[in-house]
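Some notes on the structure that comes next.
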Amino acid sequence: QAQLVESGGGLVQAGGSLRLSCAASERIFGIFNMGWFRQAPGKDREFVAAMSRSDITTKYSDSVKGRFTISRDNAKNTVYLQMNSLKPEDTAVYYCAASTRVFGTPRPGEYDYWGQGTQVTVSS
């Protein structure tokens, strides 16, 4: 059973940048489609970005397109989310997720494994 551990969250001013990391306990290349979600207080978990198991395809929500970039280092079994031009509305707990079945779906229930989340707070 794969385990995912996020890190890299923190407090940043609007316009700043953060890079989140998601370390997997086992090989992910060719096996898992990876995704990032976020959840703000009182809101549903929201799809942010995804990368296919083959590294060929990425997908972003409209709210982060052009500002966030998903990438992965297969040698380290790690997925990253580079977040630039951060806005206060990006404040949320960010979760890494893995699916063996689907790519890029915004439905959290389609993912098999989840990390514990990392808090991102953007001040205005």
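Residue numbers start at 1 and run along the sequence shown. Predicted, not measured: the structure shown is a model, and the values here were computed from it.
Note on L81: it does not cluster hydrophobically with L11, by side-chain heavy-atom contacts below 4.5 Å among ILVMFWY residues. No continuous path of hydrophobic side-chain contacts links Y113 to V5 [ILVMFWY only; heavy atoms under 4.5 Å]. In the hydrophobic cluster analysis, where Ile, Leu, Val, Met, Phe, Trp and Tyr join through side-chain heavy atoms closer than 4.5 angstrom, Y95 is grouped apart from M34.
In terms of the salt bridge (Lys or Arg N to Asp or Glu O under 4.0 Å) criterion, residue partners of D62 (sequence neighbours excluded) are, by chain and number, K65. Remark: E26 engages no residue in a side chain to side chain donor-acceptor pair (under 3.5 Å) (not counting sequence neighbours). Annotation: ring-ring contact (aromatic ring centres under 6.0 Å, His included) contacts of F103 (sequence neighbours excluded): none.
To the nearest 0.5 angstrom, L4 atom CG is 7.0 Å from S25 atom OG. Here the straight-line distance linking atom OG1 of T58 with atom CZ of F68 works out to 14.5 Å at 0.5 Å rounding. A distance of 7.0 Å separates OG of S85 from CZ of R67, quoted to the nearest 0.5 Å. Atoms CG and CG, from N84 and D90 in turn, are 10.5 Å apart once rounded to the nearest 0.5 Å.
The shortest side-chain heavy-atom distance between S17 and M83 does not fall under the 4.5 Å cut-off. M51 places none of its side-chain heavy atoms less than 4.5 Å from the side chain of T57. When side chains are defined from C-beta on, I28 counts as touching V79, because their heavy atoms get closer than 4.5 Å.
Between R72 and R53 the shortest heavy-atom distance is NH1-CA, 3.8 Å. Residues K59 and F47 come closest through the heavy atom pair O-CZ, 3.8 Å. In terms of heavy atoms, F32 sits closest to A98 at CD2-CB, 3.8 Å. Shortest non-hydrogen contact noted between A14 and S124 is CB-CA, 4.4 Å. Nearest heavy-atom pair across S21 and T78 is CB-CG2, 4.3 Å.
Looking at S99, its side chain never comes within 3.5 Å of a backbone N or O of Y111 through a donor-acceptor pair. The closest donor-acceptor contact from the side chain of N74 to the backbone of N77 lies at 3.5 Å or more, if one exists at all. Side-chain N or O atoms of D112 include one that pairs as donor or acceptor with a backbone N or O of T100 at under 3.5 Å. Not a single donor-acceptor pair under 3.5 Å links the side chain of R101 to the backbone N or O of N33. Within the 3.5 Å criterion, the main-chain N or O of E6 finds a donor-acceptor partner in the side chain of Q116.
Ring centroids of F37 and W114 are separated by less than 6.0 Å, placing the two rings close together.
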Test Y60 against I70 for side chain to side chain contact (heavy atoms under 4.5 Å, CB included), laying out the working first. CA-CA 9 Å; Y60 299 91; I70 187 172; 3.4 Å; yes
Apply the test side chain to side chain contact (heavy atoms under 4.5 Å, CB included) to residues T121 and V12: give CA-CA distance (whole Å), side-chain angles for both, the deciding distance (0.1 Å), then the verdict. CA-CA 6 Å; T121 303; V12 63; over 6 Å; no
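For R19 and Y80, the positive end sits near the middle of the six-membered ring, less than 6.0 Å away and at most 45° from its axis.
Between R38 and the options V93, V64, T91, a side chain to side chain contact (heavy atoms under 4.5 Å, CB included) holds for only V64.
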